[in-house]
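Source: prediction; values computed, not measured. Computed over heavy atoms, backbone and side chain alike; hydrogens, waters and symmetry mates excluded.
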Amino acid sequence: MSYVAPADFVVKLIDAGESKIKMSTRDTLIRAYMAGATLALAAAFAVTINVQTGQPLAGAILFPVGFCMLYLLGYDLLTGVFVLCPLAVWDKRPGCGWGGVLRNWGLVFTGNFAGALTTAVLMAIYWTYGFADEVNEVGQKFATMGEKRTVGYAAFGAAGWLTIFVRAMLCNWMVSTGVVGAQISTSVTGKVVAMWMPIMLFFYMVFEHSIVNMFLFPTGLMLGGNFTIGDYLVWNEIPVVLGNLVGGLTFTGLMLYATHARTLAPRGEPVKIKLAA
């Protein structure tokens with residue numbers, strides 16, 4: 001599978017973060033738009049499988065196909081750049097600062113949302129014959145999921161908000177590990193296997209992913225879900241984005257960088273000090 005050692009793939013991750021920060025606005029938006037649209041279609045695919053088979057594991061096993069497709073095509077998810085861009089700043093890459101990181105995050109969020117919303121409209125039309133027929137079983141599932149994961153959390157107050165945040169942290173721990181998986185092998189097969197495993201885990205555990213939710217909740221609203229845009233923002237998207245950011249940065253980006261890019265000398269060996277020339 002042409003495995004790449006951690007010390008080497010972390011350098012690739014830093015290189016990727018630098019390229020994201022320096023990427024043009026046009027290319028950033030296009031790649032983010034297509035990432036949001038592709039992942040949304042994969043979510044529609046997985047939920048359809050769950051509804052038709054009654055087996056949530058079946059949808060979880062097959063959902064990663066969308067994630068693998070978008071990363072093999074070089075598209076960008078917000079959950080991925082949450083991890084990649086700060087690496088370039090921590091590594092003091094020339095021209096990389098926090099202003100560039102925030103610019104990239106803002107553009108990718110915008111592109112992801114636009115792409116996910118486009119797929120939401122297309123799938124709502126698909127499931128209702130252009131809003132001319134009753135919502136089918138799959139569409140009804142999206143409507144009820146939207147209610148459960150907004151007003152359902154709101155019923156628990158602060159504890160509900162904390163639960164969303166924690167689920168989002170756990171989500172991007174796994175999703176960003178999938179992003180790392182794209183660099184862990186030089187073969188397509190190796191990349192796919194490494195990406196597949198953590199993405200399957202996050203989807204089956206029903207963790208909260210901000211880009212998937214950019215599709216799920218607008219779709220639920222269009223198909224008659226009993227919640228509001230405000231419910232979606234306050235009781236899902238905002239805490240999920242924050243949780244995705246914290247989870248990806250702490251459990252994946254910071255840990256990999258600290259131990260593989262800034263490895264300390266082994267115990268018992270003298271610390272080597274570089275003297276100025």
Side-chain angles (χ1 to χ4, degrees), residues 1 3-4 6 9 12-13 16 20 31-32 34-51 53 55-84 108-109 111-112 115-116 119 142 145 149 164 166-217 236-237 240-241 243-253 255-256:
M1 287 172 53
Y3 173 68
V4 179
F9 72 64
K12 291 187 174 184
L13 295 174
K20 306 301 181 190
R31 296 181 192 191
M34 289 307 302
T38 303
L39 196 69
L41 192 57
F45 171 58
V47 173
T48 299
I49 292 170
N50 289 350
V51 171
T53 66
Q55 295 294 332
L57 182 59
I61 290 172
L62 295 174
F63 170 74
V65 67
F67 184 87
C68 293
M69 285 169 55
L70 71 91
Y71 267 100
L72 290 174
L73 291 170
Y75 299 148
D76 290 323
L77 291 173
L78 182 64
T79 43
V81 296
F82 272 163
V83 175
L84 296 176
V108 173
F109 179 94
N112 284 170
T119 300
F142 275 94
M145 279 195 300
R149 290 164 64 178
I164 308 170
V166 169
R167 285 189 177 184
M169 284 183 62
L170 294 168
C171 173
N172 208 27
W173 179 9
M174 290 296 97
V175 173
S176 57
T177 300
V179 174
V180 173
Q183 304 290 349
I184 213 167
S185 172
T186 57
S187 73
V188 173
T189 301
K191 290 176 182 287
V192 168
V193 171
M195 288 189 283
W196 205 281
M197 295 182 291
I199 303 306
M200 178 176 63
L201 189 158
F202 116 71
F203 195 85
Y204 184 75
M205 294 297 291
V206 198
F207 293 153
E208 296 284 356
H209 190 274
S210 53
I211 291 83
V212 170
N213 292 354
M214 291 174 185
F215 165 73
L216 189 158
F217 293 94
N236 195 279
E237 193 65 36
V240 169
V241 168
N244 285 169
L245 171 60
V246 173
L249 274 179
T250 55
F251 288 120
T252 305
M255 297 304 172
L256 285 172

Visitor: Going by ring-ring contact (aromatic ring centres under 6.0 Å, His included), name the residues that satisfy it together with F109, two or more places apart in sequence or in a different chain.
Guide: none
Visitor: Tell me every residue that passes ring-ring contact (aromatic ring centres under 6.0 Å, His included) with F207, counting only those two or more places apart in sequence or in another chain.
Guide: none
Visitor: What is the minimum heavy-atom distance between V241 and F82, and which atoms define it?
Guide: O-CE1, 3.6 Å
Visitor: Taking only residues two or more places apart in sequence, or in another chain, which ones meet A60 in a side chain to side chain contact (heavy atoms under 4.5 Å, CB included)?
Guide: M200, F203, Y204
Visitor: Table please: side-chain donor-acceptor pairs of residues 167-180 below 3.5 Å, with sequence neighbours left out.
Guide:
from	atom 1	to	atom 2	distance (Å)
R167	NH1	Y153	OH	2.9
N172	ND2	T79	O	3.2
N172	ND2	N244	O	2.8
S176	OG	N172	O	2.3
S176	OG	W173	O	3.4
S176	OG	T252	OG1	2.7
T177	OG1	W173	O	2.6

Visitor: Determine, stepwise, if the pair S187 / T189 fulfils side chain to side chain donor-acceptor pair (under 3.5 Å).
Guide: CA-CA 5 Å; S187 73; T189 301; 5.1 Å; no
Visitor: Name all residues meeting the side chain to side chain contact (heavy atoms under 4.5 Å, CB included) criterion together with M197; count only those two or more places apart in sequence or in a different chain, and write none if there are none.
Guide: V193
Visitor: Taking only residues at least two apart or on different chains, which pairs with a member in residues 198-214 satisfy salt bridge (charged side-chain N to carboxylate O under 4.0 Å, His left out)?
Guide: R149-E208
Visitor: Hey, are the side chains of I211 and F215 touching, using non-hydrogen atoms and a 4.5 Å cut-off?
Guide: no
Visitor: Which atom names give the shortest non-hydrogen contact between A46 and G59, and what distance separates them?
Guide: CB-O, 3.6 Å
Visitor: Could you state the interatomic distance from SG (C68) to CD1 (I199), rounded to the nearest 0.5 Å?
Guide: 7.5 Å
Visitor: Quick one: side-chain hydrogen bond (donor to acceptor under 3.5 Å, both in side chains) pairs with a partner in residues 65-78, sequence neighbours left out?
Guide: K20-D76
Visitor: Ignoring hydrogens, what is the shortest heavy-atom contact between I61 and P64? Give both atom names and the distance.
Guide: O-CD, 3.4 Å
Visitor: Just to verify, what does Q183 make a side-chain hydrogen bond (donor to acceptor under 3.5 Å, both in side chains) with, not counting sequence neighbours?
Guide: none
Visitor: Could you state the interatomic distance from CZ (F217) to CD (E237), rounded to the nearest 0.5 Å?
Guide: 8.0 Å
Visitor: Scan for salt bridge (charged side-chain N to carboxylate O under 4.0 Å, His left out) pairs involving residues 59-69, sequence neighbours excluded, and state none if there are none.
Guide: none
Visitor: Mind checking whether V108 and L77 have side chains closer than 4.5 Å, heavy atoms only?
Guide: no
Visitor: Say you draw a straight line from OG1 of T48 to CG of L62; how long is it, rounded to the nearest 0.5 Å?
Guide: 11.5 Å
Visitor: Which is it for L249 and V246 under the side-chain contact (heavy atoms from CB on, under 4.5 Å) test, yes or no, and what are the steps along the way?
Guide: CA-CA 5 Å; L249 274 179; V246 173; over 6 Å; no
Visitor: Kindly say whether V65 contributes a backbone atom to a donor-acceptor pair with the side chain of W196 at under 3.5 angstrom?
Guide: no
Visitor: List the residues meeting side chain to side chain contact (heavy atoms under 4.5 Å, CB included) with T53, not counting sequence neighbours, and say none if there are none.
Guide: I49, Q55, A58
Visitor: Side-chain donor-acceptor contacts of residues 35-45 below 3.5 Å, not counting sequence neighbours, with atom names and distances?
Guide:
from	atom 1	to	atom 2	distance (Å)
T38	OG1	M34	O	2.7

Visitor: Can you run down the salt bridge (charged side-chain N to carboxylate O under 4.0 Å, His left out) pairs that involve residues 62-71, sequence neighbours left out, and say none if there aren't any?
Guide: none
